Amino acid sequence: MDKTYSPRDIEPSWYETWERNGYFRPSGEGTPYCIMIPPPNVTGTLHMGHAFQDTIMDILTRYHRMSGDNTLWQPGTDHAGIATQMVVERQLNAEGNDRHTLGREAFVEKIWAWKKHSGGTIQNQMRRLGASVDWDRERFTMDEGLSESVDEVFIKLYEQGLIYRGQRLVNWDPVLQTAVSDLEVESAEEKGSIWKLRYPLSNGDGHLVVATTRPETMLGDTAVAVNPNDERYTHLIGQTVMLPLVGREIPIVADDYVDPAFGTGCLKITPAHDFNDYQVGLRHECEPINILTGDAHINDNAPAAYQGLDRFAARDQIVADFEAAGLLEGIDPHTLMVPRGDRTGAVIEPYLTYQWFVDLTREVQPDGRPGGWQAITQPAIDVVRDGRIRFTPENWTKTYYNWLEDIQDWCISRQIWWGHRIPAWYDDAGNVYVGRDEATVRAEHGLGEAVTLAQDDDVLDTWFSSALWPFSTLGWPQDTSELQSFYPTSVLVTGFDIIFFWVARMIMMGLRFMDAVPFHEVYIHGLVRDSEGAKMSKSKGNVLDPIDIIDGIDLEALVAKRTSGLMQPRRAAMIEKQTRAAYPEGIAAHGTDALRFTFASLATTGRDVVLDMGRIDGYRNFCNKLWNAARYVLMNTEDQDCAATHNNFTLGTAERWIISRLQATERAVTDALDHYRMDQAAQAVYEFLWDEYCDWYLELSKPTLQGDASVAQQIGTRRTLVAVLEAVLRLAHPFMPFITEEIWQRLAPLAGVSGETIMTQAFPVAQPERDDPEAEAEIDWVKRFILGIRRIRGEMDIAPGKRLPVLLKHASATDQSRLEQHRAALDFLARLESVDQLNHDDEPPESALALVDSLEIRVPMAGLIDKTAELTRLGKERKRLADDLERIDGKLNNEAFVSRAPNEVVEREREKRAEASAALERIDAQYARIEAI
RNA sequence: GGGUGGUUAGCUCAGUUGGGAGAGCGUCGCCCUUACAAGGCGAAUGUCGGGGGUUCGAACCCCUCACCACCCACCA
């Protein structure tokens, strides 16, 4: 093996080998285990959030594959209608072109070209991350097969009366000029104003004052509402006002919705441009008057003076005209919630249009009769309530219920070009025909050549096809063997941000069309944030490409990457400055394994992940540690007898100890993985490998291998070095696939293991019969002996290499035998020069003291030890023991504690007291002795 | 206006039936000891957000306050 660990030299080639040999494909044997990837959008490249999520899924996938399951991780990408269309449109604009000039067909062709490019980038990124997906099964939401699923579901739901088309007030993005769903609107507080406008009574008898944050909508007012119990206005109910600037006479109506305490208590009603007003309008039979065009300019339903004005220009004009007419009562500053499109940031308009909806609220019996339960929504609630789907962490179920229990119908039509065209056709009379294609529609409805049919121009919401992902990717509506094996899938790994967009809708559609849940478990992970804890986004310029952490990137390239292709180019200067401050040296190469291990160890439940570069450095070092440990093992075992093929060896205490510790580690890792605690699993691997295997076992092996231990013992040690490392590699493989494979290839033969790849080896299972408490106790004694001497050495600033003479006192029979047994290890690890025993009544010479239970270990001070330093050291020890004792006595002297606490707890305290007290006595004596010198 | 999560060492975070406060990184010493200086050995570091309660005993359970973050919601 190379002396230095170099991830870039081992990672890409192993992935190629794995993929070429088909190791990612389901084995076809064992319990099915399936994860559907949340298909990334083909809008560009994967970010740190994807890398995090992919790491979690790959850990689970590799773990289950190694455990013998028939494992499928299904890959694919999402067409992401609006987002992708915007990306390509922006590119067109940059070329001085636009989609309308190009035309629908040519534009869609351009998007397909982009999809190919982006999809390829995503594939490469996933390969670099080591994602063991079955590429042969890769799907895209606009594939032929998936499009067939979409049509099938749409048609079925339409036939069942659960999809309908209607004129409704929807959220309209005037930049995209399409409807969007409630979920795609983000409301935030913004500073604005409240304008108080006078509406003169038609009878000339004064005026009412309405308050509004959107004066321009007054052009579409159809009523003024007051609360029926508001005594100020009851006498006016039923009368009319003359709408200024428009000259329309509109009624004053009474409606409970109006809060008399807010504003003036008079509410202007604009049914076509406000969701609440729409409802009020319905109650009072006011015909909505739409005054806006699709791009939010005033249309010809308004007086000529305002036609063609942008909504905000119209606002200024109208306010000015009110003022000129003496009808402006006042303007107050006001903070209000402004709805904006999540993609465009444009202020969303409630807009009256014909759209398609999935009915999520209508109550229909299973047999089709009305009433009973919400046909789509209720089952989705039930499966979580009764535990057929389990969330981890569990508390996300609350979020899930809250949303479903107050759900609105889902607007699924979008007035864009990229997506699944709605399978509906219209004749000249405006009749709607839903069907697979035009020919089918004609045949089914007996429509001859004479009837012209035009397909609906709209496409479906992206999430409509995403909702079908768990079964559409497996071949539905055909009844495939894949569906039989892998549906319902095992676990969905996703972020909380798409519980509504995606998780809930997959559950709805899965139950409706497969009559079974789409997955048994939902593992919700946190959001990856930058080191400042800020959300990563292109516009903030704090995004990181996982590949740049893997391969490293110099500062100039990173700056260039972050400042190019911005939606708001003026932010470039600031982003550059921040980037130069945060990464003055660019980013060093860390390798995939280190990045993955970092993600794993940060994957605690229900928390966001703050990405700390220092942490990645630390785990890169961990990889290096593993690399070098392997080098040591190979150096001492290659071409030597490791008992791979015979049983002529003996295991010493150290061997039995590390094997015992391995069992505990295997249990810890398996248990953690089974509970989605990737962090605990990673930590268990880390601690075992570094703190036990490297720090102690490798060191303990040295005196055995280099000293005069028996041949059988040396063989046993070599065998153990190899066997334990081989097991750890398998244990760590799901986290660090590349380095474990690289080392395993060389190590496996020495361990007598054959196989083409570690990927398909069995995941380690703890064997209780190899637990060895006696060996653990013994090695624990050895460690404490060595640590005692090291502490003296460290605090006395004695060079680590300097050999020390040691005197022992009060050595028990056990101490004696352990000393004898481990003498070589103690000499080597504690750098002992000599060990001599003192009799019980011997007065020890001036010396530094360490205790292992009752055993006194003394290092004579002559010429070595500084009196003051030793007093300081003993003083600290004494204080620690005295504090301990005080605390314990506090408990034991408390009558209530002794009488009420469980016996075993009291007994444990008594033992602790005895130990502490004995130790303190010796330290005290030693302190006095040194002090007297 | 509802709801959720958080507040533990300088930083990022563990701490799962309430019973001796932990890790990584950073810091401070001593060491290039033939696996590893991306390292070894040793050390320091915390009114566990504030207050109250339950309990023999609280980082953990209950109440309350403060601050931070996020989600949902139709108040002009």
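Computed from a prediction, not measured in an experiment: that's the story for all the values here. We name chains A, B, ... by the order of the sequence lines, and we start the count at 1 in each one.
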request  = Could you check which of B:rG19, B:rA35, B:rA14 has an atom nearest any side-chain atom of A:Asp679?
outcome  = B:rA14
request  = Please check the phosphate of B:rG40 (OP1 and OP2 only) for any side-chain N or O of A:Trp696 closer than 4.0 Å.
outcome  = no
inquiry  = Go nucleotide by nucleotide along RNA chain B from the 5' end; which of A:Thr4 and A:Trp403 gets its closest nucleotide reached first?
reply    = A:Thr4
Whole angstrom value for the distance that separates C1' of B:rA73 from CD1 of A:Ile407 = 15 Å
query = Across the strands shown, which category fits A:Phe275 at heavy-atom distances under 4.0 angstrom: base, sugar-phosphate, nothing?
reply = nothing
message = Between A:Lys702 and B:rA35, is there a contact of a side-chain N or O with OP1 or OP2 at under 4.0 Å?
response = yes
message = Without decimals, in angstroms, what is the distance between A:Asp182 CG and B:rC74 C1'?
response = 11 Å
Who pairs with B:rC30 - Watson-Crick or G-U, where each distance is under 3.5 Å = B:rG40
Interatomic distance, A:Asn402 CG vs B:rC70 C1' [rounded to whole Å] = 14 Å
message = Roughly how many Å apart are B:rU47 and B:rA58, using the C1' atom of each and rounding to a whole number?
response = 15 Å
inquiry  = Between A:Lys625 and B:rG40, is there a contact of a side-chain N or O with OP1 or OP2 at under 4.0 Å?
reply    = yes
task = May I have the distance from A:Asp256 (atom CG) to B:rC75 (atom P), rounded to whole angstrom?
result = 17 Å
request  = Answer with base, sugar-phosphate or nothing: what part of the nucleic acid does A:Gln408 contact at a heavy-atom distance below 4.0 Å?
outcome  = nothing
ask   = Across the strands shown, which category fits A:Thr212 at heavy-atom distances under 4.0 angstrom: base, sugar-phosphate, nothing?
value = sugar-phosphate
message = Taking atom types as they are modelled, would you say the side chain of A:Gln680 forms a donor-acceptor pair with the base of B:rA23 within the 3.5 Å cutoff?
response = no
ask   = Within the distance-only criterion (no hydrogens, no angle test), does the side chain of A:Asp551 pair as donor or acceptor with the backbone N or O of A:Ala589 below 3.5 angstrom?
value = no
query = Does A:Arg620 count as lying over the ring of A:Phe622, i.e. NZ or CZ under 6.0 Å from the six-ring centre, within 45 degrees of the axis?
reply = no
query = When the aromatic ring centroids of A:Phe391 and A:Trp396 are compared, is their separation below 6.0 Å?
reply = no
request  = Could you tell me which nucleotide pairs with B:rC70 by Watson-Crick or G-U wobble geometry, both distances under 3.5 Å, or answer none if nothing does?
outcome  = B:rG3
task = Assign A:Cys694 to base, sugar-phosphate, or nothing according to its heavy-atom contacts below 4.0 angstrom with the strands shown.
result = base
task = Write down the distance separating the P atoms in B:rU4 and B:rC62, rounded off to the nearest Å.
result = 13 Å
query = Within the structure, does a side-chain N or O atom of A:Arg908 lie under 4.0 Å from either OP1 or OP2 of B:rG20?
reply = no
task = Pick base, sugar-phosphate or nothing for A:Trp195, based on heavy-atom distances below 4.0 Å to the nucleic acid.
result = nothing
query = In the strands shown, is B:rU54 matched to any nucleotide by a Watson-Crick or G-U wobble pair with both distances under 3.5 Å, and which?
reply = none
message = Keeping A:Thr670 on the side-chain end and A:Arg667 on the backbone end, is there a donor-acceptor pair under 3.5 Å?
response = no
key: G-U wobble or Watson-Crick pairing nucleotide for B:rG24 (cut-off 3.5 Å, both distances)   = B:rC11
Nearest-Å distance once atom C1' is located in both B:rC25 and B:rG39 = 16 Å
query = In terms of side-chain heavy atoms of A:Gln683, which of B:rG42, B:rA14, B:rU12 is nearest?
reply = B:rA14
request  = Would you indicate what A:Met337 reaches in the nucleic acid, counting non-hydrogen atoms under 4.0 angstrom: base, sugar-phosphate, or nothing?
outcome  = base
query = Closer than 4.0 Å, any side-chain N/O of A:Thr604 to the OP1 or OP2 of B:rA14?
reply = yes
note = Closest of B:rA35, B:rA14, B:rA76 to the A:Met635 side chain is B:rA35
query = Can you tell if the side chain of A:Gln408 reaches within under 4.5 Å of the side chain of A:Leu360, non-hydrogen atoms only?
reply = no
ask   = Looking at the side chain of A:Arg631, which of B:rA35, B:rG40, B:rC75 is the nearest nucleotide?
value = B:rA35
message = Closest approach to the side chain of A:Arg831, judged atom by atom: which nucleotide of B:rU33, B:rC75, B:rU12 is it?
response = B:rU33
Separation between the P atoms of B:rG24 and B:rU64, rounded to whole Å = 39 Å
request  = For side chain to side chain donor-acceptor pair (under 3.5 Å), just list the numbers for A:Tyr619 and A:Ser601, CA-CA rounded to whole Å, side-chain angles, deciding distance to a tenth of an Å, and then say yes or no.
outcome  = CA-CA 9 Å; A:Tyr619 293 120; A:Ser601 58; 3.3 Å; yes
ask   = Which nucleotide, in any strand shown, forms a Watson-Crick or G-U wobble pair with B:rC75, with both distances under 3.5 Å?
value = none
request  = Check whether the ring centres of A:Tyr400 and A:Phe500 lie less than 6.0 Å apart, and answer yes or no.
outcome  = no
remark   = A:Ile269 atom CD1 is separated from B:rA76 atom C1', nearest whole Å, by 9 Å
query = Rounding to the closest angstrom, what is the interatomic distance between B:rA43 and B:rG50 at atom C1'?
reply = 33 Å
query = In whole angstrom, what separates A:Leu698's CG from B:rC36's P?
reply = 12 Å
ask   = Has A:Arg677 got a side-chain N or O lying under 4.0 Å from the OP1 or OP2 atom of B:rG15?
value = yes
message = Could you tell me if the side chain of A:Phe738 sits less than 4.5 Å from the side chain of A:Pro7, heavy atoms only?
response = no
task = Assign A:Lys912 to base, sugar-phosphate, or nothing according to its heavy-atom contacts below 4.0 angstrom with the strands shown.
result = base
note = Side-chain atoms of A:Arg887 come closest, of B:rG20, B:rC36, B:rA76, to B:rG20
note = Per atom distances to the A:Arg620 side chain, the nearest of B:rC75, B:rA38, B:rG20 is B:rA38
inquiry  = Any heavy-atom pair between the side chains of A:Asn624 and A:Asn628 that's under 4.5 Å?
reply    = yes
ask   = Any side-chain N or O of A:Lys398 less than 4.0 Å from the OP1 or OP2 oxygen of B:rU4?
value = yes
ask   = Using the P atom in both, what is the distance from B:rC70 to B:rG15, to the nearest Å?
value = 23 Å
Residue A:Arg615, side-chain heavy atoms: nucleotide from B:rG40, B:rA35, B:rU12 that is nearest = B:rU12
ask   = Do A:Leu634 and A:Leu747 come within less than 4.5 Å of each other through their side chains, counting heavy atoms only?
value = yes
request  = Pick the C1' atom in B:rA44 and in B:rG22, then give their distance to the nearest Å.
outcome  = 16 Å
query = Between atom OH in A:Tyr5 and atom C1' in B:rA38, what is the gap in whole Å?
reply = 11 Å
Rounded distance in Å - CD (A:Glu687) to P (B:rC13) = 19 Å
message = Need the pair for B:rG18. Rule: Watson-Crick or G-U wobble, both distances under 3.5 Å, any strand; none if unpaired.
response = none
Candidate nucleotides B:rG19, B:rA69, B:rA76, ranked by approach to the side chain of A:Arg529 - the nearest = B:rA69
request  = Kindly say if A:Asn621 contacts the phosphate of B:rG39, meaning a side-chain N or O under 4.0 Å from OP1 or OP2.
outcome  = yes
request  = Tell me which of A:Ser601 and A:Phe500 sits closer to the 5' end of RNA chain B, going by the nucleotide each one is nearest to.
outcome  = A:Ser601
request  = Just call it for A:Val898: base, sugar-phosphate, or nothing, with non-hydrogen atoms closer than 4.0 Å on any strand.
outcome  = nothing
remark   = Considering only heavy side-chain atoms of A:Asn628, the closest of B:rG24, B:rG40, B:rC36 is B:rC36
ask   = What interatomic distance, in whole Å, is found between P of B:rC28 and the corresponding atom of B:rG53?
value = 44 Å
